[in-house]
Amino acid sequence: MLYIGVDLGTSAVKLLLMEGNGEIKKIASREYPLSFPHPGWSEQKPEDWFTQTMDGLKELLDGADKSQVAGISFGGQMHGLVILDKDDNVIRPAILWNDGRTTEETDYLNNEIGKDKLSQYTANIAFAGFTAPKILWVKNKEPDNFAKIAKIMLPKDYIAYKLSGVHCTDVSDASGMLLLDVKNRKWSEEMLRICDVREDQLPKLFESYEAVGDILPEIASELGVPGNVKIVAGAGDNAAAAVGTGTVGDGACNISLGTSGTVFISSSKFGVDDNNALHSFDHADGSFHLMGCMLSAASCNKWWEEDIIGTEDFVTEQKAITDDKLGKNHVYFLPYLMGERSPHNDPLARGTFIGMTMDTSRADMTQAVLEGVAFALRDSLEVARSLGINLERSKICGGGAKSPLWKKMIANVCNIKVDVIESEQGPGMGGAMLAAVACGEYKSVQEAADAIVKVVDTVEPDPGLVKLYEERYQQFKKIYPTVKALFPQIQ
């Protein structure tokens with residue numbers, strides 16, 4: 001049978017057609033615009049997601065045996081606020097995960113409701129990108145729109161609704177709304193009251209590997225697929241990527257170098273760190289995970305190369321960073337171009353270069369950007385280690401994982417073995433695997449991961465380089481606390 005994974009990203013939707021044995025038959029992609037109406041704001045039109053997803057599905061299925069399509073599932077950008085009226089029309093553009101407009105609402109939740117209560121209700125504290133502060137922002141700033149809300153949805157779930165007619169979400173994605181009782185996998189009554197939301201305004205909760213319903217007849221007809229194709233709940237992009245990289249079961253780790261960067265640690269037990277520096281979420285395999293998320297990762301390199309240097313030849317730029325330069329760079333970069341989430345929770349933080357001299361080269365600056373992301377990922381790893389979690393290795397995925405240099409930096413900055421998998425398709429692969437589980441191809445997510453995911457290379461840390469980078473990291477982690485007070489003054 002054939003399974004489709006839909007990865008609804010920030011810049012494009014990527015679609016993947018997979019055989020039941022994990023073989024990828026075809027990949028398609030469609031881009032859509034991203035708008036920044038005000039500094040720090042980030043929005044998209046859900047209608048664009050659906051239009052481009054349908055277009056991508058048609059390309060994906062062109063030439064395939066459509067009668068063999070059994071299930072469609074999703075990985076998607078998390079935290080985005082999609083609001084529908086009583087006729088299921090989109091009320092306003094979606095407010096995205098990397099939108100920083102909710103400082104007031106986030107402060108209200110953390111300081112007036114209180115971090116302790118939020119953690120008690122949801123296992124997390126408020127971050128500017130989370131969905132609950134966005135709901136409060138609409139209530140405070142756009143009361144007419146708030147009054148029209150009949151359904152509150154997440155980005156990928158809007159596509160699932162358009163394909164199935166079911167208002168649905170899964171527990172991994174819902175974990176990032178600050179509305180879910182993560183420990184008990186149900187909506188938090190206290191948070192609904194705080195946000196002035198009724199449970200009937202929220203989608204029905206599913207596990208990631210559960211079917212929400214069959215494809216709508218008109219969609220099946222348009223795509224030319226059987227009418228009993230299952231639409232499967234899917235997962236937030238990071239949980240879906242974790243499934244796609246086999247990061248399931250107790251103690252497995254995945255580092256994602258996408259637009260944002262994440263450290264994802266799966267766990268059989270529910271747990272929360274003392275300062276809520278890491279997110280405590282439900283996992284797509286039915287268990288739990290801890291996650292550190294930085295808002296700008298591979299996007300930092302894209303910004304530096306394309307917008308500042310003016311090149312798209314990333315490979316050539318990195319060739320100038322030879323092995324003898326690693327661990328010896330005196331230039332540092334704070335990768336906080338969109339503010340930062342883990343572990344600082346500071347939407348006002350900004351990207352910062354420090355340490356340049358008259359002999360600083362273009363290559364030094366490029367190296368600082370790559371190293372800055374690696375150092376920031378280590379910040380989250382250090383929180384996990386403080387909980388007694390011993391991490392010796394990690395899978396890696398995302399666009400940045402295509403760079404051998406960046407993988408080498410991460411292995412040595414974090415002092416872990418970095419496992420490279422055969423297929424780095426991230427959330428799309430995870431979505432297809434979840435569809436396969438829902439359709440009975442595999443008994444569990446663990447069984448699917450064991451059968452499909454294969455490690456083909458491992459980047460080992462070098463003890464000498466680990467020592468050099470340890471010294472650099474100790475300097476790096478002093479920079480943010482030193483300049484933190486400046487950020488509010490320069491907005």
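Within a 6.0 Å radius of CD in Glu447, other residues, nucleotides and ligands contribute more than 12 heavy atoms.
A salt bridge does not link Glu460 to Lys408: none of the charged nitrogens lies less than 4.0 Å from a carboxylate oxygen. A salt bridge between Lys148 and Asp85 is absent, with no side-chain N of the basic residue lying under 4.0 Å from a carboxylate O of the acidic one. Salt-bridge annotation for Asp170 and Lys156: present, with a side-chain N of the basic residue lying under 4.0 Å from a carboxylate O of the acidic one. A salt bridge links Asp196 to Lys139: at least one charged side-chain nitrogen sits closer than 4.0 Å to a carboxylate oxygen. Using a 4.0 Å cut-off between charged nitrogen and carboxylate oxygen, Asp282 and Arg185 count as a salt-bridge pair. Look at Lys14 and Glu31 and you find no salt bridge, because none of the NZ, NE, NH1 or NH2 atoms lies under 4.0 Å from a carboxylate O.
With contacts defined as side-chain heavy-atom distances shorter than 4.5 Å, the pair Leu434/Val445 qualifies. For the pair Leu192 and Glu199, the minimum side-chain heavy-atom distance is below 4.5 Å. Two residues are said to be in side-chain contact when any heavy atoms from C-beta on lie closer than 4.5 Å; Lys183 and Asp181 meet this criterion. Between Val138 and Leu81 the shortest side-chain heavy-atom distance falls below 4.5 Å. Taking 4.5 Å as the limit, some side-chain heavy atom of Asp157 sits within range of a side-chain heavy atom of Asp173.
Between the side chains of Asn238 and His289, no donor-acceptor pair of N or O atoms lies under 3.5 Å. In the model, Tyr32 has no side-chain atom that pairs as donor or acceptor with a side-chain atom of Gln44 under 3.5 Å. Remark: the Asn124 side chain and the Thr122 side chain contain no N/O donor-acceptor pair separated by less than 3.5 Å. Looking at Trp97 and Thr131, their side chains never bring a donor and an acceptor atom within 3.5 Å of each other. A donor-acceptor pair shorter than 3.5 Å can be found between the side chains of Asn98 and Ser42. Gln120 and Glu190 share no donor-acceptor pair across their side chains, judged by distance under 3.5 Å alone.
Applying the ring-ring contact (aromatic ring centres under 6.0 Å, His included) test between Trp137 and each of Phe146, Tyr108, Trp41 identifies Trp41 as the sole match. Among the candidates Ile113, Leu180, Leu118, the single residue satisfying the side-chain contact (heavy atoms from CB on, under 4.5 Å) test with Met191 is Leu118. Results of the side-chain contact (heavy atoms from CB on, under 4.5 Å) test with Arg393 over Val418, Val455, Thr458, Ile416 single out Thr458 as the only residue that passes.
Using modelled atom types, one side-chain atom of Asp273 and one backbone atom of Ala277 make a donor-acceptor pair closer than 3.5 Å.
Between His79 and His279, the ring-plane angle classifies as perpendicular under the 30° and 60° cut-offs. In this structure, His167 and Tyr161 have parallel ring planes: the angle between them is below the 30° cut-off, well short of the 60° mark. Relative orientation of the Phe353 and Trp303 rings is parallel, given thresholds of 30° and 60° on the angle between their planes.
Pairs engaging residues 468-490 under the side-chain hydrogen bond (donor to acceptor under 3.5 Å, both in side chains) rule: Asp346-Tyr480, Glu371-Tyr469, Arg378-Glu470, Asp379-Tyr473, Glu470-Gln474, Gln474-Lys477 [sequence neighbours left out].
With sequence neighbours excluded, no residue satisfies side-chain hydrogen bond (donor to acceptor under 3.5 Å, both in side chains) with Thr53.
Judged by the 6.0 Å distance and 45° axis criteria, Lys162 is positioned over the aromatic ring of Phe50.
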Could you go through the salt bridge (charged side-chain N to carboxylate O under 4.0 Å, His left out) check for Glu43 and Arg92 one step at a time?
CA-CA 9 Å; Glu43 296 184 350; Arg92 68 167 331 280; 3.2 Å; yes

